[in-house]
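Convention: sequence-line order gives letters A, B, ...; per-chain numbering from 1. Note: hydrogens, waters and symmetry copies are ignored here, and every other heavy atom, side chains too, is used. Since the structure is predicted, the reported quantities are computational estimates derived from the model, not experimental observations.
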Amino acid sequence: MQNTTILDAVGNTPLLPIKTGGGASVFVKAEFLNPSGSVKDRAARAMILDGVRSGKLAGGKAILDATSGNTGIAYAMFGASMGIPVVLCLPANANKERKRILKAYGAEIVPTNPLESSDGALLKARELAAANPEKYFYPDQYNNDENWRAHYNGTALEIWEQTEHKITHFVAGMGTSGTFIGTSRRLKELNPNIKTVPMQPASPLHGLEGMRYQETVIPAGFYDKSLFDGQIDVTTEDSKRMTIELAKTQGLFVGISSGANVLAATRLAAMLPEDNVVVTILCDSGFRYLSDEMWD
Amino acid sequence: MAITIQLPTALRTFTDGLSEVSVEAATIDEALRQLTKNYADLKRHLFDDSDKLRSFVNVYLNDEDIRSQNGVGTALKQGDTVMLIPAIAGGR
């Protein structure tokens, strides 16, 4: 019998072509096919395994972190599988699906002030971790190098191989920025000519769940603007239209931040020669947004 | 009547750092119009090109979503608190 766990099901996601109206080819990394349904499985797995390896996650400690949902769901899934309790500081405005999934995995939710968004959750997690060091293992996804390294050692190499080294541009939005930073850093080491372009919400007030308008939030410790080759701003309205189109015309039922990434990638591709190859990330599944009225 | 509007951190750069703003208004729509009149830079973040409230801006009146009430037409009374809440933006 194989001794496989859910931890082994993370990564090695397919790279799929998207039909576009011309210009460079666009490929999407189907990260929503990770076991918990989002790209965050990679970082959560890496941070938990590092905790176990270093001995910081031991002695009956619970995993504690701030999340807007997807990282929390990944922690909760791994925690349930490994018999480790999970406590998550989550802004009270996180959507219903996320809260229900977290409950299904048995995670404890500490709701934080919705007006303070991700920063409120981050500050609460820091406070709880500092007050109860004996009780919690606090991976701190915003300042844990295992977060971006999961993409440096995983996502980037997979994309490099799957494009047969032909990738010319990488585009992705940023929450903690771990996916963008880790993937971009490694791709540029593999080929310094590769351009890596962040997607950003067009307004600090937006509906791109999980994405952060970096100028108005506490930056992650590993946030690194030297990897930016420009920036593409997208609106929530246009991203939702693209999200619906992805389901209807490409068979990809994904979340709004994925729609935003594909929109940014196709806009960039339209300005590039046909032999260029643009890659972006499908961050999470559309099932995580079923309560949104956009589908009606 | 005087009501209080609470703003998310993301929008406080447009209100000189204020987390709460008082306005005189009888409905949610009036309150938001007054707010964006006082702080003009806020307008494009709350309203779209056809001057409708952006679909992802959640408005709560005393902790209850106005979608389950009368939308932007929901009436206000003295001392009400209106909260503007974006979809969650986080570390994912």
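- Considering every non-hydrogen atom in both B/Phe56 and A/Glu237, the closest pair reads CE2-OE2, 3.7 Å.
- Rounded to the nearest 0.5 angstrom, B/Asn58 CG and A/Leu205 CG are separated by 9.0 Å.
- The interface of residues 11-39 of chain B with chain A, defined by heavy-atom distances below 4.5 Å, comprises B/Leu11, B/Arg12, B/Phe14.
- Interatomic distance, OG1 of A/Thr235 versus CZ of B/Arg54, reported as 7.0 Å (0.5 Å rounding).
- In this structure, the side chains of A/Ser203 and B/Arg44 stay at 4.5 Å or more apart for every pair of heavy atoms.
- The part of A/Glu293 that comes within reach of chain B is its side chain, from C-beta onward, which places non-hydrogen atoms under 4.5 angstrom from that chain.
- Here A/Thr236 is the residue among A/Ile256, A/Thr236, A/Thr216 with the most heavy-atom pairs under 4.5 Å with chain B.
- Nearest heavy-atom pair across A/Leu115 and B/Leu84 is CD2-O, 3.5 Å.
- Residue-environment remark: CG (B/Asp51) exceeds the threshold of 12 foreign heavy atoms within 6.0 Å.
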